[in-house]
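To keep things clear, I will list the structure first and then write my remarks on it.
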Amino acid sequence: TTVAVTGTGGATSLLLALLADASAAGAWAGVVGRPDLGLVAAAEAGIALDRLALVPCPGADLVAVTSALLDGLDLVAVAGRVQHGGDRNRLAARARHQGAVLLALGPWPGEDLELACEQGRWRGVDAGEGDVGRLTGREVRVHLRGRGISPAGRGARLLLPGPAGRPAFADAATYLDLADRLMA
């Protein structure tokens with residue numbers, strides 16, 4: 001499966017949440033092309049560092065490094081532009097063949113799913129929530145589009161992280177609405 005995580009407000013928070021859930025379930029994950037991703041932030045997001053491979057600066061070998069990681073890991077996030085459509089297709093085919101998930105940070109033509117982060121805002125700063133001045137989480141609207149999803153897609157407001165440290169729905173109404181759609 002190829003999943004594109006797009007948007008400017010909250011895409012990194014969503015990526016960390018996805019990696020944390022996967023590694024907590026025993027999956028091996030890798031991140032290619034994110035020199036700004038720190039191990040402390042990854043650990044605080046709940047990612048099992050002993051199940052994480054980081055290649056911060058692959059240089060001209062972005063495609064080769066990503067391909068190699070897809071051979072041995074369950075989930076590989078790649079940041080950086082894969083210029084040629086043929087390279088994108090080969091990486092997507094490698095992910096399918098290996099039973100892995102390729103998480104593209106940014107647009108990826110031909111992706112199976114797109115998780116678009118929109119309208120991100122931080123909670124805790126001057127929000128009157130009792131902990132003014134301290135960031136407590138990020139609320140983002142995530143819009144899901146792709147194969148097997150209605151053309152309009154689906155959306156939900158998420159807290160990244162939620163109160164328990166994992167992603168959570170921003171309000172009960174969103175959770176109930178999404179649960180009703182999934183049960184229908």
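FYI, the numbering just counts along the sequence from 1.
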Which heavy-atom pair separates [X] from [Y] by the least distance, and what is that distance?
{"X": "Gln83", "Y": "Arg88", "value": "O-NH1, 3.4 Å"}
{"X": "Asp74", "Y": "Ala27", "value": "OD2-CA, 3.2 Å"}
{"X": "Arg147", "Y": "Gly110", "value": "NH2-O, 3.7 Å"}
{"X": "Ala45", "Y": "Ala20", "value": "O-CB, 3.2 Å"}
{"X": "Gly10", "Y": "Val140", "value": "CA-CG1, 3.8 Å"}

Out of Val142, Leu113, Leu14, which residue meets the side-chain contact (heavy atoms from CB on, under 4.5 Å) rule with Val5?
-> Leu14

Could you point out which residue of Ile47, Val31, Asp21 forms a side-chain contact (heavy atoms from CB on, under 4.5 Å) with Leu16?
-> Ile47

Are [X] and [Y] connected in the hydrophobic side-chain network, where two residues link if heavy atoms are under 4.5 Å apart?
{"X": "Val32", "Y": "Leu49", "value": "no"}
{"X": "Leu39", "Y": "Leu75", "value": "yes"}
{"X": "Leu70", "Y": "Val78", "value": "yes"}

Could you tell me whether the side chain of Glu118 reaches within less than 4.5 Å of the side chain of His143, counting heavy atoms only?
-> yes

For the residue pair Glu114 and Thr6, establish whether any side-chain heavy-atom pair is separated by less than 4.5 Å.
-> yes

Got a donor-acceptor contact below 3.5 angstrom from the [X] side chain to the [Y] backbone?
{"X": "Thr2", "Y": "Glu111", "value": "no"}
{"X": "Arg145", "Y": "Pro151", "value": "no"}
{"X": "Asp112", "Y": "Val3", "value": "no"}

Rounded distance [0.5 Å steps], CG in Leu37 versus OG1 in Thr12 = 8.0 Å

To the nearest 0.5 angstrom, please state how far the CZ atom of Arg141 sits from the CG atom of Leu158.
-> 10.0 Å

Taking only distance into account, with no hydrogens and no angle test, what donor-acceptor pairs under 3.5 Å do side-chain atoms of residues 94-108 form with protein atoms, sequence neighbours excluded?
{"from": "Arg94", "atom 1": "NH1", "to": "Ser67", "atom 2": "OG", "distance (Å)": "2.8"}
{"from": "Arg94", "atom 1": "NH1", "to": "Asp71", "atom 2": "OD1", "distance (Å)": "3.1"}
{"from": "Arg94", "atom 1": "NH1", "to": "Asp71", "atom 2": "OD2", "distance (Å)": "3.0"}
{"from": "Gln98", "atom 1": "NE2", "to": "Asp71", "atom 2": "OD1", "distance (Å)": "3.3"}

Let me check something: any side-chain donor-acceptor pairs from residues 50-66 under 3.5 Å, sequence neighbours excluded? List them with distances.
{"from": "Arg51", "atom 1": "NH1", "to": "Gly26", "atom 2": "O", "distance (Å)": "2.8"}
{"from": "Thr66", "atom 1": "OG1", "to": "Leu62", "atom 2": "O", "distance (Å)": "2.7"}

